Amino acid sequence: MSATLTETPRTGRAPGPRLLRGLNWLVVRQHRAALLTVLAVMVLGSIWIAYQHGRMSQTLEAAGWPEKELAQPTFASTGLSLTVTALSALPVLLAVFLGAPLIAGDQEHGTAQLVTTQSVSRRRWLTTKLLWCYAAVVVSGAVLSAFFTWWWKPYRSVFSGLWSDGSVFDNTGPVLPALCLFLTAAGITIGLLLRRVLASMLVTFVFAAIVEVVWGEMRTYLAPSRMLTYPLDDHMPAQLNESLELDRWIGSAGGDLYGWGLCAKSTEAASDACIKEHGIVNNVVEYLGYDQMASMQWTGAGILLAATAVLTVFTLWRVSRSPL
């Protein structure tokens, strides 16, 4: 009697039940190296951040913080710098090495045609791949973001970077997973259109670099700015200590605003004369406050997620309309 694939193996033991079956099993097996790499980065990155958190805590405790006020910048180490650099590079690396080859690799090697000529539709095949890819990207980004937020938040006053800097803003809260997801989706779309792995990776890298620059310029537009007026000779109010200053003026009692350098004359007498001439009595500051950070992050994450949805819909539409 001839053997078939459904017979019990010669060991006499029935095969155990699989956690994954069908197309899910195929996709995970095909991309197991990439998925395991992302998992390893998430686990090792979390351990590294926890280690750096403990090291910073010990350093600050030995320096007498928070009872003893420390000068700014107070904590800048190789470990912190390496962590920030790695987290900032994560969205780009995921886009280039996970997103770009996801479909382009199948197109280049003919795997897409092989799979989609079976009983599986092209849309179902792509949807399964996208779900696994997106899940890996979101989970890894969210976990690393949570760990970095846990490290930064209680020690933000002694970090060398401000909350508004990309090194903090983009690596805490919902921004990191949203940015990872958007750039990965962009890499997938680029790969689908170019159909070649190397070309897709190069174009994705350039696109991700441009997005990083544009995103840095957009950050200050994610919330309405605030205006604060205080007397010309007074000290800067405490509420500006953790703020991002956008612009500064000097103002008259009537509400007229002038550039802050208007009366910066070479002599004190000339400055006083300029102040009297224009009736200047106030400093006026336009700023974003630290308490706006969370709403700015969620607004930014919402924009990135909406862009991801657009790219995903386009990708699914393109696959359903055009041959692979």
Side-chain angles (χ1 to χ4, degrees), residues 23 26-28 30-38 41 86-116 120-142 144 166 170 175-218 300-324:
L23 192 55
L26 177 63
V27 169
V28 171
Q30 181 188 7
H31 299 288
R32 62 187 180 278
L35 294 175
L36 287 174
T37 300
V38 173
V41 168
L87 289 177
S88 300
L90 181 64
V92 179
L93 294 177
L94 288 173
V96 172
F97 293 102
L98 181 60
L102 190 73
I103 303 175
D106 289 344
Q107 292 174 311
E108 189 171 11
H109 298 105
T111 310
Q113 290 84 349
L114 178 63
V115 172
T116 55
V120 177
S121 67
R122 285 181 292 180
R123 180 172 292 183
R124 184 184 167 204
W125 166 76
L126 180 59
T127 301
T128 304
K129 289 173 76 77
L130 290 178
L131 287 176
W132 277 101
C133 178
Y134 286 178
V137 167
V138 170
V139 170
S140 59
L144 290 172
D170 293 347
V175 177
L176 182 61
L179 195 55
C180 289
L181 190 61
F182 168 68
L183 288 180
T184 300
I188 293 171
T189 304
I190 291 170
L192 173 68
L193 297 175
L194 296 184
R195 307 173 69 90
R196 292 292 181 268
V197 173
L198 184 58
S200 300
M201 293 173 73
L202 290 174
V203 173
T204 298
F205 177 79
V206 173
F207 176 81
I210 294 172
V211 168
E212 293 280 0
V213 173
V214 173
W215 180 252
E217 295 298 320
M218 281 182 58
I303 294 172
L304 292 171
L305 292 176
T308 300
V310 171
L311 290 174
T312 303
V313 169
F314 171 78
T315 300
L316 291 170
W317 173 83
R318 178 64 182 250
V319 166
S320 64
R321 294 291 298 271
S322 303
L324 294 169

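The basis for the numbers below is simple: all heavy atoms, side chains too, and nothing from hydrogens, waters or symmetry mates. Just so it is clear, the structure is predicted and the values come from calculations on it, not from any experiment.
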Could you tell me whether Y134 atom OH has more than 12 heavy atoms of other residues or ligands within 6.0 Å of it? yes
Please tabulate, one pair per line, all N/O donor-acceptor pairs under 3.5 Å involving side-chain atoms of residues 178-192, not counting sequence neighbours.
{"unit_1": "T184", "atom_1": "OG1", "unit_2": "C180", "atom_2": "O", "d": "2.7"}
{"unit_1": "T189", "atom_1": "OG1", "unit_2": "A185", "atom_2": "O", "d": "3.0"}
{"unit_1": "T189", "atom_1": "OG1", "unit_2": "T315", "atom_2": "OG1", "d": "3.0"}

Could you measure the distance from the OG1 atom of T37 to the NE2 atom of H31? Nearest 0.5 Å is fine. 13.0 Å
What distance separates I210 CD1 from F205 CZ, expressed to the nearest 0.5 Å? 10.5 Å
Looking only at non-hydrogen atoms, find the nearest pair between P101 and V96 and report the distance. CD-O, 3.4 Å
Between CG of L98 and OG1 of T204, what distance do you get to the nearest 0.5 Å? 11.0 Å
All heavy atoms of V138 vs all of P177, minimum pair found to be O-CB, 4.0 Å
Between S88 and D170, does a side chain to side chain contact (heavy atoms under 4.5 Å, CB included) hold up when you go through it step by step? CA-CA 7 Å; S88 300; D170 293 347; over 6 Å; no
Run the side chain to side chain donor-acceptor pair (under 3.5 Å) test against R123 and tell me which residues pass, sequence neighbours left out. S320
So, taking the atom named CG in L193 and the one named CD1 in I103, what distance separates them when rounded to the nearest 0.5 Å? 9.5 Å
Kindly indicate, with the supporting measurements, whether the criterion side chain to side chain contact (heavy atoms under 4.5 Å, CB included) is fulfilled by T127 and L316. CA-CA 8 Å; T127 301; L316 291 170; 3.6 Å; yes
Any side-chain heavy-atom pair from P91 and L176 closer than 4.5 angstrom? yes
So how far is it from R196 CZ to L202 CG, rounded to the nearest 0.5 Å? 14.0 Å
Here the pair of heavy atoms bringing L194 nearest to S200 is CB-OG, 3.6 Å
